[in-house]
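All values derive from a computational prediction rather than experimental measurement. Just follow the structure's listing: the first ligand is 1, and inside any ligand the first atom is 1.
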Amino acid sequence: MIIQDTSIPGCYEIVPDKFKDKRGAFVKIYSSNLFESYNLETNFIEQYYSISHQGVLRGLHFQIPPSDHEKLVYVITGNILDAVVDLRKGSPTYGKYETFNLNADTGNMLYIPRGLAHGFYVLSKTAILVYNVTSSHSPEHDTGIHWDSAGIPWPTSQPILSNRDMGFVSLSKFSSPFVYNGELNS
Ligand SMILES: Cc1cn([C@H]2C[C@H](O)[C@@H](COP(=O)(O)OP(=O)(O)O[C@H]3O[C@@H](C)C(=O)[C@@H](O)[C@H]3O)O2)c(=O)[nH]c1=O
């Protein structure tokens, strides 16, 4: 398993070892020992997954304090364009985004620190995205910014969206409660 820096401090792309043989493949997706050695959070307390059709865009989501959390995400079916936006005031990459192709073939994962908005667009016929998060779902703290307000080069201007996602404020109108605390995880 390789943990790689991204352009956004505290956000990592993780490439697991994939052992292929005549039966198929074996992939280890989490090691608390390795995560601890990189000072990454290990107290993942909720797990969930979504199933999405091609052309769906979910995001850009986050939970605000005190229910903010880290996310570890990976695709087990399909191929997505995943995106994060740094909302941490004082961060060297405040307001900036980065995109990643997450797919079931490589099994690459994204570790998303608290204070980043997250979303994705489904490139394949179907995509299943698995999440591990470090705090419980809190509907009153679960919010977002508008998917098309951060400059992310999405593959289409007309994705399939939830009503909730259509109504979020733009990044420029969002008053961020997140503060950058340095590179805690480096
Ligand atoms: C996230 C979440 C949703 N729900 C419920 C609320 C709602 O009825 C239903 C679907 O929720 P949503 O429409 O918010 O699902 P979705 O748009 O897929 O939300 C997800 O989007 C991506 C981009 C993320 O980063 C995730 O953390 C999460 O916010 O599931 C839970 O019960 N627990 C949870 O942890």
Side-chain angles (χ1 to χ4, degrees), residues 6 8 10-14 29-30 40-88 91 93 95-104 107-171 174 176-178 185:
T6 70
I8 298 189
C11 181
Y12 297 93
E13 183 172 1
I14 302 173
I29 46 84
Y30 177 66
L40 304 186
E41 294 291 334
T42 55
N43 59 332
F44 294 100
I45 61 168
E46 289 197 354
Q47 303 178 340
Y48 50 93
Y49 63 86
S50 60
I51 307 169
S52 308
H53 312 300
Q54 190 168 44
V56 163
L57 192 155
R58 296 179 187 250
L60 299 158
H61 298 162
F62 47 89
Q63 289 198 168
I64 56 170
S67 296
D68 47 339
H69 53 206
E70 281 72 29
K71 293 178 187 172
L72 178 69
V73 301
Y74 53 92
V75 167
I76 54 168
T77 297
N79 181 10
I80 65 172
L81 178 70
D82 201 274
V84 293
V85 181
D86 192 348
L87 302 176
R88 300 167 297 183
S91 167
T93 52
K96 300 269 193 309
Y97 68 82
E98 189 170 355
T99 60
F100 306 85
N101 182 280
L102 299 186
N103 60 82
N108 56 333
M109 299 181 275
L110 204 58
Y111 176 93
I112 305 168
R114 61 190 67 207
L116 269 56
H118 170 249
F120 66 93
Y121 175 81
V122 179
L123 298 164
S124 50
K125 196 170 175 213
T126 300
I128 301 179
L129 184 67
V130 182
Y131 300 77
N132 295 264
V133 292
T134 59
S135 72
S136 304
H137 182 233
S138 174
E140 64 270 35
H141 300 102
D142 183 3
T143 186
I145 55 170
H146 194 263
W147 63 279
D148 205 17
S149 67
I152 297 165
W154 297 113
T156 177
S157 58
Q158 294 187 310
I160 302 164
L161 297 164
S162 69
N163 288 338
R164 188 171 89 105
D165 286 356
M166 287 179 205
F168 284 133
V169 295
S170 63
L171 171 62
F174 177 68
S176 180
F178 299 107
N185 295 325

According to salt bridge (charged side-chain N to carboxylate O under 4.0 Å, His left out), does anything in residues 143-163 pair up with another residue at least two apart or in another chain? List the pairs. none
Applying side-chain hydrogen bond (donor to acceptor under 3.5 Å, both in side chains), run through Ser138 and Gln63 and close with a yes or a no. CA-CA 8 Å; Ser138 174; Gln63 289 198 168; 5.3 Å; no
With distance as the sole criterion, is a donor-acceptor pair present between the side chains of His146 and Ser149 under 3.5 Å? no
Run the salt-bridge test on Arg88 and Asp68 with the 4.0 Å N-O cut-off and return the result as yes or no. no
Flag yes if more than 12 heavy atoms outside Glu140 fall under 6.0 Å of its CD atom; otherwise flag no. yes
Within the supplied structure, the quantity of interest is the number of heavy atoms (other residues, nucleotides, ligands) at a distance under 6.0 Å from His137 NE2; does it exceed 12? yes
Check each N or O atom of ligand 1 against all protein N or O atoms and list the pairs under 3.5 Å, with atom names and distances to 0.1 Å, one per line.
{"unit_1": "ligand 1", "atom_1": "14 (O)", "unit_2": "Arg164", "atom_2": "NH2", "d": "3.2"}
{"unit_1": "ligand 1", "atom_1": "18 (O)", "unit_2": "Arg58", "atom_2": "NH1", "d": "2.7"}
{"unit_1": "ligand 1", "atom_1": "19 (O)", "unit_2": "His61", "atom_2": "ND1", "d": "3.3"}
{"unit_1": "ligand 1", "atom_1": "21 (O)", "unit_2": "His61", "atom_2": "ND1", "d": "2.7"}
{"unit_1": "ligand 1", "atom_1": "25 (O)", "unit_2": "Lys71", "atom_2": "NZ", "d": "2.7"}
{"unit_1": "ligand 1", "atom_1": "25 (O)", "unit_2": "His118", "atom_2": "ND1", "d": "2.7"}
{"unit_1": "ligand 1", "atom_1": "27 (O)", "unit_2": "Tyr48", "atom_2": "OH", "d": "2.7"}
{"unit_1": "ligand 1", "atom_1": "27 (O)", "unit_2": "Lys71", "atom_2": "NZ", "d": "2.9"}
{"unit_1": "ligand 1", "atom_1": "29 (O)", "unit_2": "His61", "atom_2": "ND1", "d": "2.9"}
{"unit_1": "ligand 1", "atom_1": "33 (N)", "unit_2": "His137", "atom_2": "ND1", "d": "3.2"}

